[in-house]
Novice: 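One structure, pasted below without further comment.
Any value given below was found using the heavy atoms of this structure, including those in side chains, with hydrogens, waters and symmetry copies removed. So you know, we letter chains A, B, ... as the sequences are listed, proteins then strands, and number each from 1.
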Protein chains: 2
Amino acid sequence: MNEIFSLLEKNKLSRTPCRIEVLKTLKLAGSALSEAEIREKIGDHFDRTTVYRTLRSFLKEDVIHSISLDGGGVRYALSPHKEVAHSSHHVHFFCNDCNSVYCISHQAFETPELPKGFMAESFDLLIQGSCRKCKK
Amino acid sequence: MNEIFSLLEKNKLSRTPCRIEVLKTLKLAGSALSEAEIREKIGDHFDRTTVYRTLRSFLKEDVIHSISLDGGGVRYALSPHKEVAHSSHHVHFFCNDCNSVYCISHQAFETPELPKGFMAESFDLLIQGSCRKCKK
DNA sequence: ATTAAATTTGCAACAAGGTTGCAAATATTT
DNA sequence: AAATATTTGCAACCTTGTTGCAAATTTAAT
């Protein structure tokens, strides 16, 4: 709980109920959640708009990051700690069975060569398959 | 033009005006387009619904594939020829300046190790940066 | 502790992207 | 050419996300 307060403070975000709840929820989840999932877990205490605005503040300060899925959905997850973050290489895993999304932001990976004239700034890898819970 | 007809035939898709126009548009574009862009290029001859249904048929038969962008948008592009396709490694490039999306499906790339218990089936890499036209 | 100023919240309304049901219009099969 | 199967357009709807505005809450200043 203190971690949550200090996360807010560190990023100059005021300590409001919605922000606290959203952070708690994301922290507890361990996997990346959609806005609908977040609101469902919190239990309908806040307006949809408020949650979206909260997410936007968090995104702006890099407290969370968003993951765009194959087929259009978006999930939100706590960002890794500052040292590791912003490495410009992001890896996420989507489980085709349970639809969970995990951040595998730890290791880097070899990037392919680009055609002449292209200049890369960031790399986002989405791996799809079966997660450890669903593998049979 | 004949290529388009044979693409449809090969995939058992009837030769309808909308299908022909969408294929022509995607072929001409060279980069991946959103449904709105496709319809705009065609010139408002078909209903939004019809274009979406056309895209869905194409996706099902792997005539085209979809690319989910960072931040939520989706683009559609002709699939590479069958021999290359389905390699389970897909690479796309998004230009932050002109918003174009290019398919770089040619070369494979090294994939990172996954935590124990995870089993990968496909890899989608989205690279963001400046394309050859926009690099200064 | 109180007040004033700055932020955040809820609500209603809206926009973009995408889907569904159904009847009319086309294609395909025979 | 007739019968059957597909595709089309329309209206309606869903989800995700945003905006404007007034009311409520936080934070800063006294």
Novice: What is the distance, to the nearest angstrom, from the CD atom on A:Glu9 to the C1' atom on D:dT27?
Specialist: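 Value for this atom pair: 12 Å.
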Novice: Tell me whether B:Met119 shares a hydrophobic cluster with B:Leu114, the cluster being built from Ile, Leu, Val, Met, Phe, Trp, Tyr side chains joined at under 4.5 Å.
Specialist: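 Shared cluster, no.
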Novice: Report yes if at least one side-chain N or O of B:Ser14 is closer than 4.0 Å to OP1 or OP2 of D:dT7; otherwise report no.
Specialist: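 Yes, within the criterion.
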Novice: So for the helix from C:dA1-D:dT30 to C:dT30-D:dA1, with five pairs setting each end axis, what is the inter-axis angle to 10°?
Specialist: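 End axes: 30° apart.
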Novice: Taking the cut-offs as 6.0 angstrom to the six-membered ring centre and 45 degrees off its axis, would you call B:Arg132 and B:Tyr102 a cation-pi pair?
Specialist: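 The answer is yes, since B:Arg132 meets both limits relative to B:Tyr102.
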Novice: Rounded to the nearest angstrom, tell me the gap between atom CG in B:Asn11 and atom P in D:dT7.
Specialist: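 To the nearest whole Å, that distance equals 13 Å.
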Novice: Measure CZ/B:Arg39 against C1'/C:dA16 and give the value in whole Å, please.
Specialist: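 So the two atoms are 11 Å apart, to the nearest Å.
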Novice: When the distance from CD1 of A:Ile20 to P of C:dT7 is rounded to whole Å, what number comes out?
Specialist: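 Value for this atom pair: 18 Å.
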Novice: Quick one, which residues of residues 45-58 of chain B touch DNA chain C with a heavy atom under 4.0 Å?
Specialist: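 Residues of residues 45-58 of chain B under 4.0 Å from DNA chain C: B:Arg48, B:Thr49, B:Tyr52, B:Arg53, B:Arg56.
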Novice: With a 4.0 Å cutoff (strictly under), does any side-chain N or O of B:Arg19 reach OP1 or OP2 of D:dT7?
Specialist: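 Affirmative; the distance criterion is met.
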Novice: Starting at atom NZ of B:Lys60, determine the distance to atom C1' of D:dT7, rounded to an integer number of angstrom.
Specialist: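 Going from B:Lys60 (NZ) to D:dT7 (C1'), I get 14 Å.
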Novice: Please report, rounded to the nearest Å, how far the P atom of C:dG17 is from the CG atom of A:Asp70.
Specialist: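 Result: 18 Å.
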Novice: Once you round it to whole Å, what is the distance between P of C:dT19 and CG of B:Leu59?
Specialist: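 Checked: the CG to P distance equals 9 Å.
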Novice: Rounding to a whole Å, what distance do you find between B:Asp44:CG and D:dT8:P?
Specialist: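 In whole Å, D:dT8 P lies 15 Å from B:Asp44 CG.
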